[in-house]
Amino acid sequence: MRSLNATTRAKAIELANQLIGQGYTDKNEIIQHSVSEARRWAREHAQRNERVFVSSHSQRTF
């Protein structure tokens, strides 16, 4: 998880804690799944923010 940026790492930890709460016990599986899902979440989050940024600035008139 060290290679993740702070926001993605926080999401991975959140997801890992959820998996632990659901009864998963295999630490390697928990880490792999939570990192994978956090990266997917980060990509989707970045794409949504990019679309909002582009649409809000594309309507400017000079």
Side-chain angles (χ1 to χ4, degrees):
M1 286 194 192
R2 290 181 195 159
S3 65
L4 302 174
N5 69 40
T7 305
T8 306
R9 185 180 315 116
K11 187 65 172 180
I13 292 169
E14 175 188 331
L15 294 169
N17 287 332
Q18 288 176 0
L19 291 173
I20 291 168
Q22 293 173 5
Y24 290 88
T25 57
D26 184 335
K27 289 182 182 181
N28 289 328
E29 187 178 318
I30 291 169
I31 292 169
Q32 288 177 342
H33 184 72
S34 62
V35 168
S36 174
E37 288 299 308
R39 285 181 173 150
R40 185 179 61 78
W41 172 85
R43 283 191 303 272
E44 289 175 1
H45 188 72
Q47 288 174 349
R48 266 186 265 135
N49 285 342
E50 186 176 295
R51 276 187 252 137
V52 170
F53 179 77
V54 170
S55 66
S56 67
H57 290 289
S58 63
Q59 297 176 5
R60 282 184 142 170
T61 56
F62 293 95

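Sequential numbering from 1 along the given sequence is applied to the chain's residues.
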Which pair of non-hydrogen atoms, one from Ala12 and one from Ser34, has the smallest distance, and what is that distance? O-CB, 3.3 Å
Mind running side chain to side chain contact (heavy atoms under 4.5 Å, CB included) on Leu19 and Leu15 for me, showing each step along the way? CA-CA 6 Å; Leu19 291 173; Leu15 294 169; 5.6 Å; no
Closest non-hydrogen atoms of Tyr24 and Ile30, given as atom of the first, atom of the second and distance, are O-CD1, 3.6 Å
Common cluster, Leu4/Ile13, ILVMFWY with side-chain heavy-atom separation under 4.5 Å: yes
Measure from the side-chain N and O atoms of Ser36 to the backbone N and O of Gln32, and report whether any donor-acceptor pair falls under 3.5 Å. no
Do you know which two heavy atoms are closest between Arg2 and Arg9, and how far apart they sit? O-NH2, 3.6 Å
Residues pairing under salt bridge (charged side-chain N to carboxylate O under 4.0 Å, His left out) where one sits in residues 14-32, two or more places apart or in two chains, turn out to be Lys11-Glu14
